[in-house]
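Note that these values count all heavy atoms, side chains included, but never hydrogens, waters or copies made by symmetry. Nothing here was measured: the structure is a model prediction, and the numbers come from that model. Proteins come first, then strands; the chains are lettered A, B, ... in the order of their sequence lines, and each starts at number 1.
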Amino acid sequence: MRRFLINQAKGLVDHSRRHHHKSPSFLSLVPPQSRPLASPAPASLVSLSRFFSSTSEMSASDSTSSLPVTLDSINPKVLKCEYAVRGEIVNIAQKLQEDLKANKDAYPFDEIIYCNIGNPQSLGQLPIRFFREVLALCDHASLLDESETHGLFSIDSIDRAWKILDQIPGRATGAYSHSQGIKGLRDVIAAGIEARDGFPADPNDIFLTDGASPAVHMMMQLLLSSEKDGILCPIPQYPLYSASIALHGGSLVPYYLDEATGWGLEISDLKKQLEEARSKGIAVRALVVINPGNPTGQVLAEENQRDIVNFCKQEGLVLLADEVYQENVYVPDKKFHSFKKVARSLGYGEKDISLVSFQSVSKGYYGECGKRGGYMEVTGFTSDVREQIYKMASVNLCSNISGQILASLVMSPPKPGDDSYDSYMAERDGILSSMAKRAKTLEDALNSLEGVTCNRAEGAMYLFPRISLPQKAIEAAEAEKTAPDAFYCKRLLNATGVVVVPGSGFGQVPGTWHFRCTILPQEDKIPAIVNRLTEFHKSFMDEFRN
Amino acid sequence: MAIKALDYDTLNENVKKCQYAVRGELYLRASELQKEGKKIIFTNVGNPHALGQKPLTFPRQVVALCQAPFLLDDPNVGMLFPADAIARAKHYLSLTSGGLGAYSDSRGLPGVRKEVAEFIQRRDGYPSDPELIFLTDGASKGVMQILNCVIRGDGDGILVPVPQYPLYSATISLLGGTLVPYYLDESENWGLDVNNLRQSVAQARSQGITVRAMVIINPGNPTGQCLSEANLREILKYCYNEKLVLLGDEVYQQNIYQDERPFISSKKVLMDMGSPFSNGVQLVSFHTVSKGYWGECGQRGGYFEMTNLPPRVVEEIYKVASIALSPNVSAQIFMGLMVSPPKPGDISYDQFARESKGILESLRRRARIMTDGFNSCKNVVCNFTEGAMYSFPQIRLPPGAIQAAKQAGKVPDVFYCLKLLEATGISTVPGSGFGQKEGVFHLRTTILPAEEEMPEIMDSFKKFNDEFMSQYDNNVGYSRM
C-alpha cells in the first residue's frame with residue numbers, strides 16, 4: 001500500500017509535469033512599435049506597480065526569510081498584478097480620515113470625499129425601496145405569515161417575495177443553489193434580456209456570479225494558458241482587466257481609445273494591434289469592450305458596435321462585453337445597445353460569434369455594490385466549453401443568494417400598475433437625472449481649469465479629465481519617484497480631501513496625464529467640491545507654472 | 001465562421017484537468033431524475049437548509065432589518081422584530097459605510113473583523129489581530145486566495161489529505177500547482193500518521209517538487225474524524241521543520257458529535273507550543289457561516305486568519321482581495337452574528353439557544369443512526385462520524401460488481417452510486433471524487449436528511465445494498481481488506 005501511495009504521488013507529479021511548460025511570464029505587454037506616440041503601454045501599465053510600494057523593493061535578506069512564504073517566494077503573478085482603484089492613494093485617504101477625527105483643525109477640509117470608486121451608496125445614495133423590501137422578506141420569510149407585515153411592506157413586494165421563494169427549492173434562501181444560480185431567477189433575467197433586446201435569451205446561458213468581477217476572472221481563466229495568449233483591452237481600461245490578465249498569466253494587448261474623438265474606438269487601430277501581437281507569436285483570444293466606458297464614460301454608437309462585432313467574427317475573437325453601466329446613459333443623443341442585440345440584428349447567431357455579456361447589480365441607478373450580484377450571459381460556445389465554465393462555477397459552489405435575487409429584480413423592476421411602480425420610477429429617475437446633472441456640472445468645472453480638458457460623460461459614473469502638467473510639476477514628481485498624475489492626485493487629496501485615481505492606474509497614451517473622478521458625491525456636495533478643486537488647481541499651477 | 005473563437009482544444013489545460021466531484025456526474029443525473037418527478041434525497045453537498053433545516057431566527061431578523069433600514073424608522077417595527085434584533089441591526093449598520101449596498105473594505109468591515117478577532121481570542125485564549133483577518137465570500141474563496149499566493153507553478157506542491165474535500169484538488173489544478181497526497185488511515189479512524197507524511201514529501205522532493213504547504217481538514221471532510229491535540233502538535237512541528245505553511249480548514253469546528261475529542265484550533269495548539277514554533281510556523285485558518293448549526297450556505301460568508309505571515313505578504317493578499325472589491329456585506333454581518341450570538345439575558349437568547357441546541361443534538365443522533373445503519377449492511381464498514389457533516393462508508397465491492405462496472409464504462413464506486421440513486425433516490429458522491437486507496441471504494445453522504453426520515457433512508461439504503469451485494473457476490477472475495 002505504501003508502494004501505491006508513492007506511485008500515486010509520482011503519478012500526480014508526472015501528470016502535472018507533462019501538462020505544464022510554464023515559465024515566468026515577463027513577455028506580457030506588447031508595445032505597438034509602428035505608432036510611437038501611443039507606444040509604451042508596458043511603461044504606463046507597469047508603472048502601476050508603484051502604487052503598491054511593496055512590489056518595488058524586493059530583498060532576499062528579509063528577516064522573515066526562514067519562513068516558507070515571504071514576498072520573495074509568493075506567486076510572481078500576484079506581485080505583478082495591480083489595482084489602482086484601491087491603491088496607495090486610498091490608503092493615504094484612510095489614514096487621513098482617521099487623523100481627521102483627532103485633529104479636526106489641522107486640515108483645510110472637514111471630510112474625505114471618496115471619488116475613487118463607483119460606490120454610490122457609500123456617498124449617500126439610497127437603495128431602491130422595492131428591491132430592499134423584497135430582499136428583507138426573502139431573508140426572513142416568516143414575516144410573510146405576519147399580518148403586521150402588510151402595514152410595513154408594499155403589496156407587490158410581498159407578492160414578489162412569494163414568487164421568488166416559490167422558485168427556490170424548499171424556499172431555502174440559506175441553501176447553496178445550482179452553481180449557475182437559481183433556475184427561476186435565471187428565467188426572469190432571460191426574460192428581462194429579451195425585453196431589452198427584442199431577441200430571445202436562454203436561461204441556461206446565464207451564470208449568476210458574486211458581482212461581475214468573478215465572471216470576468218472565470219473567462220480569463222478559461223481563455224489564458226500562458227503569456228502566449230493575449231486579450232485585446234482598451235487603454236484607458238478598468239484595471240480589473242489588466243489585473244486579472246496578469247493573475248492568470250496572459251498578455252494584455254492594448255488598443256487605444258482616441259481622446260480627441262470622445263474616446264472613440266477605431267477598428268483600424270484594433271486591427272493593427274491585433275496583427276502586431278500576432279506577429280510576435282501571441283494568440284489573441286478575445287476583445288474586451290467596456291460600454292458605456294470605464295473610466296472614459298463614452299457610449300458607443302450602434303454603427304461602431306456593428307463594426308466591432310464583424311471584427312470579432314472575422315478574426316475569431318471572443319467578444320467580452322462589459323455592459324455593467326447599461327442603465328447609466330446621460331445624454332439624449334446616445335442610447336445603450338447590447339452587443340448581443342447588435343450581433344443578432346446583423347443576423348449572427350450562436351454559430352457565428354462567441355459573446356459574453358457582463359452585468360452587475362453594483363451600477364445602474366441601483367448601485368448595490370455591497371450585495372455582490374451579477375451575471376454573465378454566455379452565447380456562441382460549444383457545449384464542451386460550456387461544461388468547463390459550469391465546472392469552474394461549481395468549484396465555488398454558487399454565488400450569494402441575496403445577490404442572485406437582486407440581479408433578477410434589477411432585470412424585472414415594478415411595472416406600470418404595480419403598487420410600487422410610481423415610487424420606484426420616482427426613485428429611479430431622481431437618481432439618474434441627478435447623476436446626469438452632476439456629471440455635467442463637474443465636466444464644465446473641469447473644462448474651465450487651466451490646462452485641463454475633459455470629454456463629456458455620456459454614460460457610466462466617471463469623468464476622466466486630461467491635465468497638462470507643467471514641466472516643473474513633472475520634475476517634482478520624478479524627485480518623489482511618483483508618476484506625475486499620482487503626484488497631482490496626492491496633492492489634491494492633501495489639499496481638499498477629495499480622493500481620485502491617477503490616470504496611470506488605467507493606462508494612457510504616454511506623456512499624457514489624467515485622473516478618474518466619479519460623479520457620485522451627492523448633489524449638495526458638488527458645489528463645494530468644484531470650489532475646492534478649482535482653488536487647488538489654481539494654486540498647484542501657480543506653484544509649478546513654467 | 002472564418003476562425004474558431006474558442007473551442008475545447010484551446011482552453012486552459014488547467015481548467016480541463018480540474019475535477020469537482022461534489023457537483024459531478026451523480027449530481028447531474030440526480031437533477032435529471034428530479035426533473036422527471038422522482039423524489040431525490042440530496043446528500044451530496046453539505047447544504048443543510050436544502051434538506052429542511054430551518055435558519056436560526058435571530059440572525060435572519062437582524063439581516064432583514066439591515067436589508068430594509070427604513071423599517072427601523074417605522075413606529076411599528078417593534079411588532080415584527082424583537083428589540084435586541086433591532087439594536088443589533090443598528091449596530092451592524094453603524095459598522096458599514098452606506099449599509100448593505102456599499103462595497104466594504106476589501107478585507108471586510110473593520111468592525112466585524114474586530115468581532116471575529118474577539119471570538120478567536122475567547123476560543124483560544126490568545127490574542128488575535130483584526131488586521132490579519134480577512135472576510136471572504138465563503139471559505140472556498142479564501143482557500144483560493146491563499147493557494148493563489150503560494151503556488152508559482154507545477155514545481156510547487158501542496159500536501160493534501162486523501163480522502164480530501166475536492167475544493168483542494170480542483171483549486172490546485174486550476175492554479176497549475178502539484179497536489180502531493182498524504183493518506184489518512186482508515187483502520188485508525190482516519191488518523192494522520194506523520195511518518196506517512198514524511199514519505200509523501202520525500203517522494204515529491206525526489207521528483208523536484210518544492211513542497212510549500214500542507215492542508216488539514218479538522219474535523220475531517222469527508223472522513224469526519226477530529227484531530228487530537230497531540231496529533232496537531234506533531235503536524236505543527238512537522239510544518240516547522242519542513243518549512244510548510246499550514247492551511248487549517250476548520251469550517252466544521254461547531255460540528256462535534258462525541259466528547260472525547262472536542263475541537264481544538266491549530267492556532268491554539270501552535271500558541272501553546274511556544275517559541276520557536278509559535279512564531280515560526282505560518283498558519284492560515286479558515287471558517288465559514290455555511291456549516292456548524294448555522295448552515296447558511298447561500299450567504300457565502302467566511303473568513304481566514306493569518307498567523308506569522310510577513311506584513312508585505314499580507315499586503316499582497318490584500319491587493320488581490322481588492323481586485324474583487326469586497327465580500328458581500330450581508331454575509332459579513334452573518335459572520336459577525338455567528339461570532340457574537342445572543343447572550344444569556346438577551347431577549348432572543350432562549351430562542352436562539354433552543355434552536356441551535358436542537359440542531360446540534362439532532363445532528364449528533366443522526367451521525368449515530370447513519371454510522372450504525374451503514375455498519376449493519378452487507379459488505380459495508382463505516383467509521384463513526386466524530387465531527388463535520390459526513391459519513392464515508394467503505395463499500396466492499398465484489399469482483400462481479402467491479403466487472404459489471406467496467407463493462408458499463410464506469411469507475412466501480414460511480415457505478416454503485418448511480419445504481420443506488422436510480423433505486424432509492426439517494427444522491428451521494430463516489431469515494432473516487434475524494435481520492436482513496438487503490439482498489440478500495442467508498443461513498444460520501446451527508447448526515448443532513450431530516451431526523452425523522454433517517455430510519456427510512458437507511459432502510460432503503462440497506463435494502464438496495466444487500467440486494468446489490470447478493471446480485472454480484474460470487475463468494476470469490478471482496479475488493480479489499
Side-chain angles (χ1 to χ4, degrees), chain A residues 4-6 9 12-13 16 19-20 22 52 54 64 67-71 74-75 78 83 86 119 121-122 127 132-133 135-136 139-140 146 148 151-152 170 172-176 179 210 213 222 225 243 314 316-318 352 354 368-372 384-385 388 391 394-396 400-402, chain B residues 1-6 8 12-13 15 20 23 47 49-50 55 60-61 63-64 67-68 74 76 79-80 97-98 100-103 137 140 149 152-154 170 176 178-179 183 200 203 207 209 212 243-245 282 296-298 300 310 312-313 315-316 319-320 322-324 328-330 438:
Chain A
F4 163 68
L5 184 171
I6 289 162
L12 277 162
V13 169
S16 52
H19 283 79
H20 295 267
K22 281 192 184 165
F52 290 93
S54 61
T64 55
L67 295 169
V69 169
T70 64
L71 201 65
I74 66 174
N75 182 353
V78 165
Y83 190 69
R86 291 203 154 182
N119 193 9
Q121 296 194 23
S122 73
R132 291 299 193 90
E133 285 178 333
L135 291 176
D139 268 346
H140 187 40
E146 310 282 339
E148 288 88 352
L152 285 159
T173 53
Y176 295 126
S179 295
D210 287 311
S213 306
L222 190 78
S225 302
Q314 276 155 21
L317 301 175
V318 178
D352 301 302
S354 304
E368 292 273 18
C369 301
K371 309 302 306 183
R372 314 310 288 122
D384 49 1
V385 174
Q388 298 297 316
K391 186 176 70 184
S394 74
V395 176
N396 198 39
N400 84 85
I401 304 297
S402 177
Chain B
M1 64 203 290
I3 310 166
K4 261 248 151 100
L6 182 66
Y8 186 80
N12 183 348
E13 285 297 328
V15 171
Y20 195 68
R23 297 218 157 175
N47 194 8
H49 293 204
R60 290 302 191 109
Q61 288 172 328
V63 173
Q67 293 277 21
D74 195 300
N76 294 323
M79 295 166 75
L80 283 170
S97 51
L100 299 190
Y103 294 128
D137 284 314
S140 304
C149 187
R152 294 165 297 188
D154 61 344
T178 296
L179 186 148
Y183 284 81
S200 296
Q203 182 63 35
Q207 303 279 329
I209 299 293
R212 305 208 63 204
K243 287 181 68 170
L244 305 175
V245 189
Q282 293 182 320
E296 289 279 10
C297 301
R300 315 309 292 120
R312 278 153 56 176
V313 171
E315 249 178 71
E316 292 298 315
K319 181 182 73 184
V320 174
S322 76
I323 300 168
N328 89 81
V329 177
S330 30
E438 198 182 9

Can you say whether B:V245 sits under 4.5 Å from chain A via the side chain, the backbone, both, or neither, judging by heavy atoms? both
Interchain contact, A:D210 with chain B, by part (heavy-atom threshold 4.5 Å): side chain
Salt bridge between B:E315 and B:R312, side-chain N to carboxylate O under 4.0 Å? no
Flag the one option from B:A68, B:S97, B:C297, B:S140 with the top tally of heavy-atom pairs under 4.5 Å to chain A. B:C297
Report which part of B:L100 has an atom under 4.5 Å of a heavy atom belonging to chain A: side chain, backbone, both, or neither. both
Heavy-atom pairs under 4.5 Å with chain B, option from A:T173, A:I401, A:N396 with the top count: A:N396
Does B:N328 offer a backbone N or O that forms a donor-acceptor pair with the side chain of A:N400 under 3.5 Å? no
Under a 4.5 Å heavy-atom cut-off, does chain A meet the side chain of B:A50, its backbone, both or neither? both
Specify which of B:C149, B:G98, B:P55, B:A170 makes the most heavy-atom pairs with chain A at under 4.5 Å. B:C149
Once you round to the nearest 0.5 Å, how far does CZ of B:R300 lie from OH of A:Y176? 5.0 Å
Winner by heavy-atom pair count (cut-off under 4.5 Å) against chain A, out of B:V63, B:V329, B:V15: B:V15
Please list, chain by chain and in numerical order, all residues satisfying side-chain hydrogen bond (donor to acceptor under 3.5 Å, both in side chains) with B:Q67, sequence neighbours excluded. A:D139, A:K371, A:S402
Testing the basics here: between A:T70 and A:L67, what is the closest heavy-atom pair and its distance to 0.1 Å? CG2-O, 3.6 Å
Is there a side-chain contact (heavy atoms from CB on, under 4.5 Å) between B:N12 and A:S225 once you walk through the steps? CA-CA 5 Å; B:N12 183 348; A:S225 302; 3.9 Å; yes
Most contact-rich option vs chain A, by heavy-atom pairs under 4.5 angstrom, among B:I323, B:L244, B:V313, is B:I323
Do you know which two heavy atoms are closest between B:K319 and A:V78, and how far apart they sit? NZ-O, 2.8 Å
Determine the option with the most heavy-atom pairs under 4.5 angstrom with chain B, choosing from A:A172, A:G151, A:A175. A:A175
